[in-house]
2 protein chains.
Amino acid sequence: MSESRSGVPLGPIAILAGSGELPVRLADRLVETGRTVRILAFRGFCERRVKARADAVVNLLDLSRIIALLETWRPAAVTLAGGLTRPSAAALMGAYSAYRDREHVAAVIARGDDNLLRGAVELLESRGFALAGVRDLAPELLAEGGLYGAVVPDPAARLSIERGFRMLEALSPYDVGQAAVVSGERVVAIEGPEGTDRMLARVRSLTRGGLLRRRKSRGGVLVKGPKAGQDLRVDLPAIGPRTIVNASRAGLDGIAIAQGLTLVLDREATVAAADRAGLFLVGVERAGLTDAADD
Amino acid sequence: MSESRSGVPLGPIAILAGSGELPVRLADRLVETGRTVRILAFRGFCERRVKARADAVVNLLDLSRIIALLETWRPAAVTLAGGLTRPSAAALMGAYSAYRDREHVAAVIARGDDNLLRGAVELLESRGFALAGVRDLAPELLAEGGLYGAVVPDPAARLSIERGFRMLEALSPYDVGQAAVVSGERVVAIEGPEGTDRMLARVRSLTRGGLLRRRKSRGGVLVKGPKAGQDLRVDLPAIGPRTIVNASRAGLDGIAIAQGLTLVLDREATVAAADRAGLFLVGVERAGLTDAADD
């Protein structure tokens, strides 16, 4: 089979579509480059416009239907795009235990998000499907290096950024910390399963509660990038306009994202929001944050 | 001057007393061993029984009065005991800038809690006072190794404990993470300036929100110990009955603390609460968590 320049075989791409605008953006890009696209939208997660364009709308946990559809479509590659709020352990156990023994599923659940997604990937791969990520299919959707908007980080903010990314790299064996907030030299919050928005809300309440002292009324940087073991084919860190609003509410000076390893959702609106809030947004090269699939 | 076996010169000990029972426990121990004790209680922080026993009650930020009292008492050593909710940056700036230039104070504030306490220590030491910690004065108040109550951690919990402490050790250069929660192999929360109780509340809400899956209804371990650079003379990690209650509400199986490096407040009540809640409590030797003063 012939291959496109990105290494993904030519032929239809199946997009398993979660929430947000990414599934549509990705579909548009693929169609622009002459690809055929099939969209499998997850009920309760996908936006209306994704649903309107979808070839099928299925329950996230209806694995037998998902696999049957994919077997009909015979895609050159399958990609996961958009957000999926994690279902409960019980729901996952039920869905997966038809395909894997319960012990194995329970072990995967206990091991963390990365391993959970890896389990899903293994399942699809074991059924003969090739997984591809946004990075393979449309790398132009990922964060570029350098400054995005009008605001420039000062030297102190650059030191905070460096410190934050180093800390995330040190954490990478532990399947935690896709993002952190650094104020001056101090790491004030590390993201767990609660996600970036709730971590930023925490920083906001630290400030209000007087637990976070800053030199000025503002101060601090959000750094975000993948965990080192993360499979970027199925789970890309992302920021968007909402991230900017929450970072501003938390009193931060700006945001640094790992270049080529982070999605900027709705780029125009994101940059406009950053400029409006007076926050910088910068893409930074981080060799230490690598893709498990690259190893 | 002659010295006691702990290396602290003989003579009165000045206890700067914050909240909780530690100041009284420490004073009792010191008196039992034949020491003279002077208590300087911080208004608004100390408990009534500490206030009743205090030689002076002062405002935390009234540094000139604190130093004047210490100069009158001429203690063999000064120790800080009990909790102090951090005052605001503005209040600290005002208090310290009489003794240090504002730039220096601002830099200390930006650098984090450890550095802030180090600043206070440097100030007292620069005035000729010797600092001593609970570890030097009454090491028997610190966590012992081994099991405290009736509940025994299972092998899976022991792996979580090991993983949690390794992760805290990896974080130690970053002045964050005196505690963490590990569920299975997964680090689900790392403590920032919000403190252990609020971190445990976060874990509780992760579980409720379905963001934290567990094999059973319970699952997970709180690990707690000092950050590697922490000055244990002035800032000891501590747990108490409230920690047990909050860990139980967060659905945890138990608590592991760094032996010899963590305070167990109100030990009897703490162990009774753990037994009642069905949580294990264990002291673990961690060579990787060392005292800055030991370096």
Side-chain angles (χ1 to χ4, degrees), chain A residues 85-93 105-116 156 160 163-164 166-177 180-195 198-199 202-203 205-207 209-217 219, chain B residues 85-93 105-116 156 160 163-164 166-177 180-195 198-199 202-203 205-207 209-217 219:
Chain A
T85 311
R86 319 290 181 191
S88 70
L92 280 168
M93 288 290 293
V105 178
V108 163
I109 289 173
R111 254 150 48 201
D113 266 7
D114 281 3
N115 290 292
L116 190 69
S160 296
R163 190 162 172 83
R166 274 186 194 280
M167 191 278 302
L168 291 183
E169 284 156 20
L171 268 185
S172 63
Y174 300 96
D175 194 9
V176 65
V181 172
V182 185
S183 178
E185 292 177 39
R186 183 177 193 199
V187 177
V188 295
I190 300 171
E191 181 181 320
E194 72 278 6
R198 284 165 84 173
M199 177 187 63
R202 185 159 87 238
V203 174
S205 77
L206 285 177
T207 310
L211 286 167
L212 184 56
R213 291 171 303 268
R214 297 194 255 221
R215 260 177 294 183
K216 305 165 286 180
S217 58
Chain B
T85 311
R86 317 292 182 188
S88 71
L92 279 168
M93 288 289 294
V105 178
V108 164
I109 289 173
R111 253 151 50 201
D113 265 8
D114 280 5
N115 290 292
L116 190 68
S160 297
R163 191 165 172 80
R166 274 186 194 279
M167 191 277 303
L168 292 183
E169 284 155 21
L171 268 184
S172 64
Y174 299 97
D175 193 10
V176 64
V181 172
V182 186
S183 177
E185 293 179 38
R186 184 177 192 198
V187 177
V188 296
I190 300 171
E191 181 182 318
E194 72 278 7
R198 285 165 85 172
M199 176 186 65
R202 184 159 88 238
V203 173
S205 76
L206 286 176
T207 310
L211 287 168
L212 185 56
R213 292 172 304 268
R214 297 194 254 221
R215 262 176 295 185
K216 306 165 288 179
S217 57

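Chain naming here is simple, since letters A, B, ... match the order of the sequence lines and numbering starts at 1 in each.
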Here's a test for you: under side chain to side chain contact (heavy atoms under 4.5 Å, CB included), which of A:I190, A:V187, A:V182 qualifies with B:Y174? A:V187
Interatomic spacing from OG in A:S205 to CZ in B:R198 - rounded to 0.5 Å: 4.5 Å
To check you understand the geometry: which heavy-atom pair defines the closest contact between B:V188 and A:P193, and what is its length? O-CD, 3.0 Å
Note: A:R163 and B:D175 closest approach over all heavy atoms is NH2-N, 4.4 Å
Counting only non-hydrogen atoms closer than 4.5 Å, does B:R202 touch chain A with its backbone (N, CA, C, O), its side chain (CB onward), both, or neither? side chain
Contact between A:V176 and B:R186 at the side-chain level, heavy atoms closer than 4.5 Å - yes or no? no
